[in-house]
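Remarks on the structure that follows.
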There are 2 protein chains.
Amino acid sequence: MKNESVLTEEIQVKSSVINDTKKLVDSYPRVPITVDCVVFGFDENELKVLLIRSDLEIYKDKWSLLGDFADVAGEAEDLDAAAYRILKHRTGMDDVFLEQVKTFGHPNRHPGGRVITIAYCSLLNIKHHQLKVMDNELHWHSVQGLGDELAFDHKIIIDECYDWLKKRILEHPLGFNLLPEKFSLRELQNLYESILNVKMDRRNFRKKFFAMDFLIDTGELEGDVPHRPGKLYQFNFQKYNHSKKKWNGIDF
Amino acid sequence: MKNESVLTEEIQVKSSVINDTKKLVDSYPRVPITVDCVVFGFDENELKVLLIRSDLEIYKDKWSLLGDFADVAGEAEDLDAAAYRILKHRTGMDDVFLEQVKTFGHPNRHPGGRVITIAYCSLLNIKHHQLKVMDNELHWHSVQGLGDELAFDHKIIIDECYDWLKKRILEHPLGFNLLPEKFSLRELQNLYESILNVKMDRRNFRKKFFAMDFLIDTGELEGDVPHRPGKLYQFNFQKYNHSKKKWNGIDF
DNA sequence: TTTTAAAGTGTTATTTTTACACAATAATAT
DNA sequence: ATATTATTGTGTAAAAATAACACTTTAAAA
């Protein structure tokens, strides 16, 4: 067993080591970090992205992603947490998933000086998520044909996130987040066609999704259509989450 | 045409706007950014990762990734550039690709205070890249069974990069970076089997790679084997780079 | 009752994937 | 020279996944 003086010495050594480590880190250059949320939504058969009127005077006629600085000063906030906080603050939403996509750090990407931003991506059903009433500065923009009305390097960020989304939706059932709880197969197909920007065969599409065995027939029919209504289905998240094979890896 | 006073006014407005923007950015909390390079290599039929003895006293018996702070103070250095600089500095190598994988920012990931790190990944042929002679602190570790001899959160980072690599190598011909210029199909198959950690059928494997049409038969045979030698092939990067279909999306 | 527009449904051909076994060859040992 | 050894090189058939394709059914609206 060690005696007390040895213990004390060890502790002193350790704390001086930590001090050295802190000093080293203190010597590193520092930079502000922001998080930008690329929130995709689907409405009227079109993929949209949620933008906010830039709050910088310099970009006054431009739109920007939902972003803000990450609270890296306190020891409290994880990057993921920062993303959720910022999304909640900007839109009031707190029940969506967010995934980190990529970090952008071009030296001149921000007119106010060097700022590094981490892009997070989300996908949700526009109708299901009421935006904060106050914020009429928020707007859903069509993803197709998004041009130079964007501030910063946000066009580049959105493009990369859109590419990420197209890959992601083929290997994970994200698409169901975009639909009403109960949806027709036509709606589901429209969704995939819009996001992937392809046309698919109706019969083969149905075959594939039914083969996955994660769709529940609700027995209900869609209303408000001037023709034969389609059956409404639900996605069985329960079953999906506990299933081994997860997802067939759709590949159109 | 505008007269001079209007022009002057405009410029003044603009510069005050920029000043405001700078002030805003100045008010953001700042954090040091590091870049960590996860360099995978292949040798003796095993996937390895290049590690360096930690230069922090607190981690003196641990190994860590090749990392350093990014020069975010100057306006000069892009994140990608930082990754290349750091890799070059630590190993002397400057002819490998690096791709950004993910940013890690857990508040307590660094004992010296809050540091956010961006992980970059690379893949190379160990024999082709001599490490700096000075640096006997560098060591190729087997990726399998990497344990708690790692500093910081580097085990987590390596795990995520390894997952990334497994996906990446199926959709991109990275594997050829790991082989000698001329290689036998057995070597190629060993490579894929080691990285993906699966066994594959020899005939089907050959079929798949020949179908891709990017392998050139050099006419040579491998030497130094105590049995029938295999033919040596080269990967046709030229043809690959100009080809439309790129890669069959191998899927074992 | 008719019209309309989309829903629902099955089969066949094609392609891709998997499974599987034996002859040919160069090097080495005898 | 010959036999031995270890690995290369090769083809085919079954199974699974994908792609192509057209007519009948249905509810709502006219």
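Reminder, nothing fancy here: chain letters follow the sequence lines and each chain counts from 1. All heavy atoms count here, side chains included; hydrogens, waters and symmetry mates do not.
- Along DNA chain D, the nucleotide nearest to A:R203 and the one nearest to A:P229 differ in position, and the one closer to the 5' end is contacted by A:R203.
- One atom, CG of A:N204, and another, C1' of C:dT11, lie 11 Å apart when rounded to the nearest Å.
- Under 4.0 Å is where a charged nitrogen must lie from a carboxylate oxygen, and between A:R168 and A:E99 at least one such pair does.
- Shown here are the side chain to side chain contact (heavy atoms under 4.5 Å, CB included) partners of B:S194, two or more places apart in sequence or in another chain: B:F42.
- Evaluation of the salt bridge (charged side-chain N to carboxylate O under 4.0 Å, His left out) rule for A:E181 yields no partner, not counting sequence neighbours.
- One atom, NZ of A:K199, and another, C1' of D:dA19, lie 17 Å apart when rounded to the nearest Å.
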Look for any protein N or O under 3.5 Å of an N or O in nucleotides 12-15 of chain C and output each such pair with its distance, or none.
none

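- For A:K207, the salt bridge (charged side-chain N to carboxylate O under 4.0 Å, His left out) test picks out no residue, with sequence neighbours left out.
- A:R206 has its CZ atom 13 Å from the C1' atom of C:dG10, to the nearest Å.
- Phosphate proximity of D:dT18 to A:K208: present, with a side-chain N or O under 4.0 Å from OP1 or OP2.
- Remark: P of C:dG8 and CG of A:L188 are 12 Å apart, rounded to the nearest angstrom.
- As a whole-Å value, the separation of B:D201 CG from D:dA13 C1' is 14 Å.
- A salt bridge links A:D94 and A:K88; the closest N-O separation between the charged side-chain nitrogens and carboxylate oxygens is under 4.0 Å.
- In this entry the distance linking NZ of A:K231 with C1' of D:dA27 reads 15 Å, nearest Å.
- A straight line from OH of B:Y233 to P of D:dT8 spans 12 Å, rounded to a whole angstrom.
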Might you list the N or O atoms of the protein lying below 3.5 Å from N or O atoms in nucleotides 5-7 of chain D, with each pair's distance?
{"unit_1": "D:dT7", "atom_1": "O4'", "unit_2": "B:H227", "atom_2": "ND1", "d": "3.1"}

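- In this structure, CD in B:Q144 is found 4.5 Å from OH in B:Y162, a value given to the nearest 0.5 Å.
- Applying the salt bridge (Lys or Arg N to Asp or Glu O under 4.0 Å) test to residues at least two apart or on different chains, the pairs with a partner in residues 140-153 of chain A are A:R109-A:D153.
- Using a cut-off of 4.0 Å between Lys/Arg side-chain N and Asp/Glu carboxylate O, A:K167 and A:D163 are scored as not salt-bridged.
- The residues B:R90 and B:D55 are annotated as salt-bridged, a charged nitrogen and a carboxylate oxygen being separated by less than 4.0 angstrom.
- Going from atom CD of A:E220 over to atom C1' of C:dA7 covers 17 Å, rounded to whole Å.
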